[in-house]
Amino acid sequence: AGYNVKSAAIDVQESEGIVFRSCRVAHVGAHGIWISKASKDCLVEHCLIEDVGASAVLLGDEAWQPTGYQQIELKRKGPHCERLHVKDSILRHGGRVLEAGVGVLLAQASDCEIVHNDIYDFRYTGVSAGWTWGYAPTPVRNNHIDFNRIHHIGQGRLSDMAGIYTLGDSCGTTVRGNWISDVNGYRNGGSPAWGLYTDEGSRGILFTSNLVERCRSGAVHQHFGMENVFANNILSGFEEFGVWRSKSEPHVTFELQRNIIYWSDPRAKAMTGRGTTAELTNVVADANIWWPAGDRSKGKSSVSFLGADWSEWRRQGHDGNGLIADPLFVDAKNLDFTLKPDSPALKLGFKPFDYSRAG
């Protein structure tokens, strides 16, 4: 995420109550704004940050000072940031010198908000949250990445990216009401590009009421993690797989509840991942609507879960209340994902949301 660039046009350290409102940062070679070193209660609001060499906004540090029993397990330096906010801002045209720059990088920080922003034209990731690989303790808690419009990410340049990417234990964090589209990574090797990506050790995150569409490889990817919930999302327009689960683990890896998964590319599948079909038992899924709009047969065999067909998926306890059915969008081809009154998704408890509020 461009973290090895250690300078920014505006560098805030060990500060409280700093506000940047209605500011513009543009044409800079490093990051735009970096708030770090245990800073608290700082705000970036109604700002335009554009044409930056790496990331637009960085919140927090890679290091933090654990307390209590964590002191024994981890020996890192420095306390962490709290209550940092990036709101109602436009972050665009990043990674112009170091392409790995992102829209917002939230590292070791808690109780932060990244809400109602337009984030676009980055060559790696829109929002990257968390800075600890695996299940080690972290201070990352109760962050809110909500109602952002994130689009045109990747531009075919890099790989292993997403509209929103998370890493490590982040209990209490929400990813809500975002509209993510046009995530397109480097095609010739490397890992693909997703809409929502819970990477190594992501834990305790709620993804709800997000519209994810036209993300090349897939809408959702979990490498490994636990206690993550994907509920009431619209996942559409992918070329390969709606949901990826890269690693089987001896616990429930994630929950998939009341989502609409809709695709028109005849090559695409419902779900994939490493492991055997039997290992899908550590996924909890129910009341989802799956619809292969590009498959003329519309048969149950056209919906594949790591090689398992619809019957096997249900035999393993998934989607007892789920359906293979047209969700009845008003006009999905023209990106109107409003549900018609007789949509079967509504009968299964899907709650419509206004994705135009994002950004």
Side-chain angles (χ1 to χ4, degrees), residues 1-5 34 36 54-55 57-64 66 70 73-74 76 78 80-82 84 86 95 100-114 119 122 124-146 148 150 153-154 158-176 178 180 183 185 190-207 210 212 215 217-230 244-247 249 251 253-254 273:
Y3 194 89
N4 51 317
V5 175
W34 193 350
S36 63
S55 298
V57 179
L58 276 70
L59 305 175
D61 305 274
E62 61 181 329
W64 64 287
Q70 297 173 346
E73 297 184 28
L74 295 175
R76 300 180 179 179
H80 73 277
C81 292
E82 299 177 277
L84 308 180
V86 182
V102 302
V104 180
L105 171 60
L106 189 157
Q108 303 289 16
S110 68
D111 301 284
C112 298
E113 292 182 309
I114 304 168
I119 301 172
F122 287 82
Y124 184 44
T125 281
V127 175
S128 182
W131 202 260
T132 301
W133 282 256
Y135 293 121
T138 82
V140 181
R141 291 287 185 276
N142 305 320
N143 295 310
H144 301 290
I145 307 167
D146 300 342
N148 299 285
I150 302 171
I153 300 298
L158 300 180
S159 66
D160 201 24
M161 68 180 63
I164 297 175
Y165 168 96
T166 66
L167 185 71
D169 190 342
S170 303
C171 286
T173 291
T174 62
V175 177
R176 182 191 309 270
N178 300 282
I180 301 169
V183 180
S191 298
W194 297 277
L196 304 171
Y197 182 3
T198 45
D199 203 1
E200 301 187 21
S202 292
R203 180 178 185 179
I205 306 170
L206 172 64
F207 297 82
N210 300 287
V212 180
C215 295
S217 304
V220 168
H221 174 217
Q222 177 154 307
H223 182 184
F224 67 83
M226 62 191 303
E227 299 169 12
N228 300 311
V229 177
F230 297 89
W244 295 56
R245 199 283 310 276
S246 286
K247 186 174 181 180
E249 298 177 85
H251 54 255
T253 54
F254 62 85

Working to the nearest 0.5 Å, report the span between [atom1] of [X] and [atom2] of [Y].
| X | Y | atom1 | atom2 | answer |
| --- | --- | --- | --- | --- |
| Leu58 | Cys81 | CG | SG | 10.5 Å |
| Glu62 | Leu105 | CD | CG | 10.0 Å |
| Cys112 | Leu84 | SG | CG | 4.0 Å |
| Arg203 | Tyr135 | CZ | OH | 8.0 Å |

| What residues form a ring pair (Phe, Tyr, Trp, His ring centres under 6.0 Å) with Tyr197, not counting sequence neighbours? | Tyr165, Trp194, His221
| How about Glu200 and Thr132: does a side-chain donor come under 3.5 Å of a side-chain acceptor? | no
| said: With no hydrogens and no angle check, just 3.5 Å: does a side-chain donor-acceptor pair link His223 and Ser246? | reply: no
| request: Show your working on side chain to side chain contact (heavy atoms under 4.5 Å, CB included) between Val86 and Leu59 and close with a plain yes or no. | output: CA-CA 9 Å; Val86 182; Leu59 305 175; 4.0 Å; yes
For [X] and [Y], indicate whether the former's side chain and the latter's backbone hold a donor-acceptor pair under 3.5 Å.
| X | Y | result |
| --- | --- | --- |
| His251 | Glu227 | no |
| Asn228 | Gly204 | yes |
| Ser110 | Glu82 | no |
| Ser55 | Val102 | yes |
| Ser217 | Ala193 | yes |

Do [X] and [Y] have side-chain heavy atoms sitting under 4.5 Å apart?
| X | Y | answer |
| --- | --- | --- |
| Thr253 | Arg245 | yes |
| Met161 | Val183 | yes |
| His144 | Ile114 | no |
| Val127 | Leu106 | no |
| Gln222 | Asp199 | no |

| message | Checking Leu167 against Trp133 for the side chain to side chain contact (heavy atoms under 4.5 Å, CB included) test, could you report, in this order, the C-alpha distance in whole Å, the side-chain angles of both residues, the deciding distance, and whether it holds? | response | CA-CA 6 Å; Leu167 185 71; Trp133 282 256; 3.5 Å; yes
| Single hit among Thr198, Val220, Ile145 for side chain to side chain contact (heavy atoms under 4.5 Å, CB included) with Phe207 | Thr198
| task | Could I get the full list of side-chain contact (heavy atoms from CB on, under 4.5 Å) partners for Ser170, not counting sequence neighbours? | result | Val140, Thr173, Ile205
| request: Determine the sole option in Asn148, Asn178, Asp146 for which the side chain to side chain donor-acceptor pair (under 3.5 Å) test with Asn210 is passed. | output: Asn178
| task | Determine, step by step, whether Ile180 and Cys215 satisfy the side chain to side chain contact (heavy atoms under 4.5 Å, CB included) criterion, reporting the C-alpha distance in whole Å, the side-chain angles of both residues, the deciding distance to 0.1 Å, and the verdict. | result | CA-CA 8 Å; Ile180 301 169; Cys215 295; 4.0 Å; yes
| task | Run the numbers on Leu206 and Arg176 for side chain to side chain contact (heavy atoms under 4.5 Å, CB included), then give the verdict. | result | CA-CA 8 Å; Leu206 172 64; Arg176 182 191 309 270; 3.9 Å; yes
| note | Scanning both residues in full, the closest heavy-atom pair of Ala109 with Gly60 reads CB-CA, 4.5 Å
